[in-house]
Amino acid sequence: MTARIVTEPLTAEAFAPFGDVLEAAGDPDKIINQGFCGRYHDRARLDFSDGRAGVSIFKADPRALPYTLDLMERHPDGSQAFVPMSMDEWLVIVAPDADGKPAMPRAFIAAPGQAINFLRGTWHGVLTPLAAPGLFAVIDRIGAGANLEEYPLDPPILIERGRLTAKKSGHSNRKD
Ligand SMILES: NC(=O)N[C@@H](O)C(=O)O
Ligand code: NI
């Protein structure tokens, strides 16, 4: 019997154990550039061991829901941030750790304009855009070693789109 999970809207509260939601929601922390820009300051918990932070560009093929999740991974030596370069929703999959293995995952639909930062060591699915061009800026560790632990899921888990959307769920990342 294939395990199935449904997606939920991405909110800072729900995602907090796994990482940060990066978005221009609520009031900015600072108004800069002669008043023409709001700065949402220092919103990601970046964390790298004996390496440095690097910025890469990922061009990933779009996936579709229902999505068969058959692999999870984590980066023991660094956090990893994904910043979409298009205004499309995308899929974010994480799982708590259970004695060195991923526990039951959770799947979130990131709304257009939402980026995320996985905390160091967080189990996650690989980058899963839901629309082309699948372009993302990625901030993660550049350094020695693979910084990669993979865990195949056998049997895989089927991820289906949930009925809750950010509006309907009553959750909002807006702080005002
Ligand atoms: N391997 C790699 O650079 N990307 C993955 O870590 C990922 O989370 O997509
Ligand atoms: Ni990763």
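All ligand and atom numbering here is 1-based and tracks the order in the structure. All values reported here derive from a predicted model rather than from experimental measurement.
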Q: Compute the centroid of each ring, for W90 and then for F136, and state whether the two points are separated by less than 6.0 Å.
A: yes
Q: Compute the ring centroids of F108 and F15, then answer whether they are less than 6.0 Å apart.
A: yes
Q: Can you check the number of protein N/O/S atoms within less than 2.8 Å of the Ni ion (ligand 2)?
A: 4
Q: Identify the heavy atoms of A132 and D88 that sit nearest to each other, and give their distance.
A: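 Smallest interatomic distance, heavy atoms only, reads O-OD2, 3.9 Å.
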Q | G19 to L119 - nearest heavy-atom pair and separation | A |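 What the structure gives for the nearest pair is CA-CG, 3.6 Å.
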Q) Does any donor atom in the side chain of D70 or T68 lie under 3.5 Å from an acceptor atom in the other side chain? A)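 There is no such pair between these side chains.
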Q. Going by atom types only, do H75 and E149 share a side-chain donor-acceptor pair under 3.5 Å?
A. no
Q: Just grab all the salt bridge (charged side-chain N to carboxylate O under 4.0 Å, His left out) pairs involving residues 29-41, residues at least two apart or on different chains.
A: D29-R43
Q) Name the residues in contact with ligand 1, where contact means a heavy atom under 4.0 Å away: which are they? A) F58, E73, H75, Q80, F82, H124, V126, L127
Q) Considering residues at least two apart in sequence or located in another chain, which fulfil the side chain to side chain donor-acceptor pair (under 3.5 Å) criterion with N147? A) none
(Q) Distance check, rounded to the nearest 0.5 Å: R106 atom CZ versus E8 atom CD? (A)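 One finds 4.0 Å between CZ of R106 and CD of E8.
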